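One structure is given below, encoded as structure tokens.
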Amino acid sequence: MALKGNLRDFTITQLLNLINLARKTGTLIVEGPNERVLVSFRDGKLAYAQAGQEDNGLVAVLYRARRLSANQSKALKERAGNMSDKELGLLLVNANYITQQDIINSLQMYFVGIVNRLFTWVEGMFRFENELLPPDDKITVRVGLENIIIEGSRRLREWEQLQDEIPNLDMSLKFAERPGANIRNFNLSVEEWRVVSYINPKNTIRQIARATKMSDLEIRRIIYGLLQAGLVEIIRPEGPARPPVQQPSARPTVPQPSPEEQKSLINRLIMRIRSI
Amino acid sequence: MQTVKMVVTGPFNAGKTEFIRSVSEIDVVSTERKISSDTERIKETTTVAMDFGRITVDDDLVLYLFGTPGQRRFDFMWEILSEGMLGFVVMVDSTRPETFREARTILETFRAYAPTPYVVTANKQDREDAWELEDMRIALRLDPKLKLLPCVATNKESVKNVLLELLYSILAEMELKEKGK
Ligand SMILES: Nc1nc2c(ncn2[C@@H]2O[C@H](COP(=O)(O)OP(=O)(O)OP(=O)(O)O)[C@@H](O)[C@H]2O)c(=O)[nH]1
Ligand SMILES: [Mg+2]
């Protein structure tokens, strides 16, 4: 029997449960109002995904996972353009630039992210094609569906809750005016720093999400946290014409080892090379 | 386990692969290819993606040496190889002044990737037609304070000396920064 229907009658959670239990191999195609998503499975495990026209090539995925800088990914795209993902992956691993595990993790995170997005869809047609498999030259993964289903249902509840808290992404943010509260004293995650660095009454939440490449859920979650901590306040955007997103003035810096540690490391290198 | 890296760069045929081979404890993992274009057929093979050598310091520290490809059409690998490097060596073939300008460009490019210390080596100093160091400094337009070191890449002691001088510069830079604070 053909596995096809409407998401209103059969939810993503139910579909994934079925694919998992029946250990299905093939591709699930979901056509939403704005986007068409393909998710491939092998023996009931997530193998590959493609969302709309979104670039899911290795370079784009590594860039999104912050494993490549913008310049690097641009150069790689231009110069290694006709290499397949598998070949390019091998080259990067051999260059000791990235580990195989890093590549797999980045792809898993990206593919799981696409599936997670589906959980918030209420509208859309789906069908499952047994014959359709990921392209041969693409790197595939193997991710069990159980956790995705559990996490997905949890996200769905959270999503509904966050939508109540931050109903509109076209609003802007500004730093709360609390004398003595210095942003640098807060223990922010890298993701939170990225958002913080774009906070400006001229940028809407939606623009910040785009600039930081975060999904609606991710940006809502972070902003909800910042609001709860009293760091930011929501404001109406300034006027109708909005300039493009302002670049952050200074990038947050990663913690460096102490000067003593660094010097001791160099001294160890010196001793070693002298002894060759 | 911590790993650190240094990059060995320079024009085509400068001796980068040879340099790493002289000190690496593993056989240098080279991605050498036969040369196809006539203009560059002064030798049989060239490095296409990188050379890769290793020096184990102790149980939890390893130094990797990366050699860049000399041919410009592989320069898309440069930035990737330079990411997070402690410092770099620019190798220049002392017998081929026609490559000095290229060496200068490569030096500038790497300096733009990262503000790490670096040294320049005048390689193949064992050859009769090698240029004198001071002439090379002028031709390469190097700052008088920058280290320009004589080198014979096939000689281990000579390569060790270059790596040590680079490490001394890295150390000096750290101390300078500390004082500045
Ligand atoms: N006499 C002499 N020959 C050297 C020295 N260093 C390298 N050579 C020779 O110069 C040639 C080029 O050396 P490579 O190490 O392949 O140079 P490379 O910089 O890696 O070259 P590409 O990867 O093609 O850019 C080889 O034939 C080496 O044996 C040196 O110090 N003295
Ligand atoms: Mg070489």
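In what follows, chains carry the letters A, B, and so on, assigned in the order in which the sequence lines appear, proteins first and then strands, with residues in each chain numbered from 1. Just the heavy atoms: all of them, side chains too, but no hydrogens, waters or symmetry mates, feed the values below. Just so it is clear, the model here is predicted, and its values are computed rather than measured.
With values rounded to the nearest 0.5 angstrom, B/Leu61 atom CG is found 10.5 Å from A/Arg272 atom CZ. With rounding to the nearest 0.5 Å, the separation of CD in B/Glu25 from CD1 in A/Ile276 is 8.0 Å. Expressed to the nearest 0.5 Å, how far CE of A/Met271 lies from CG of B/Leu164 amounts to 11.0 Å. With rounding to the nearest 0.5 Å, the separation of CG in B/Leu171 from CD in A/Gln262 is 10.5 Å. Taken from CD1 in A/Ile270 to NZ in B/Lys160, the straight-line distance is 13.0 Å, to the nearest 0.5 Å. From B/Met174, atom CE reaches atom CG of A/Leu265 across 7.0 Å, with rounding to the nearest 0.5 Å.
The part of B/Val4 that comes within reach of chain A is its side chain, from C-beta onward, which places non-hydrogen atoms under 4.5 angstrom from that chain. Residue contact with chain A, scored on non-hydrogen atoms closer than 4.5 Å, involves the side chain of B/Ile170 exclusively.
Under a cut-off of 6.0 angstrom, the local environment of CG in A/Asp136 is sparse, with at most 12 non-hydrogen atoms contributed by other residues, nucleotides or ligands. Around atom CD of B/Glu108, more than 12 heavy atoms belonging to other residues, nucleotides or ligands sit under 6.0 Å away. Sparse packing is recorded around CD of B/Glu132, with 12 or fewer heavy atoms of other residues, nucleotides or ligands lying under 6.0 Å away. Residue A/Gln100 qualifies as open at atom CD: its count of foreign heavy atoms under 6.0 Å is 12 or below.
The shortest distance between side-chain heavy atoms of A/Ile266 and B/Tyr168 does not fall below 4.5 Å. Counting heavy atoms from C-beta on, the side chains of B/Val23 and A/Ile273 never come closer than 4.5 Å.
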*Please report the C-alpha distance between B/Leu86 and A/Leu269 in whole Å, then the side-chain angles of each, then the deciding distance to 0.1 Å, and finally whether the side chain to side chain contact (heavy atoms under 4.5 Å, CB included) criterion is met.*
CA-CA 11 Å; B/Leu86 278 180; A/Leu269 289 169; 3.6 Å; yes

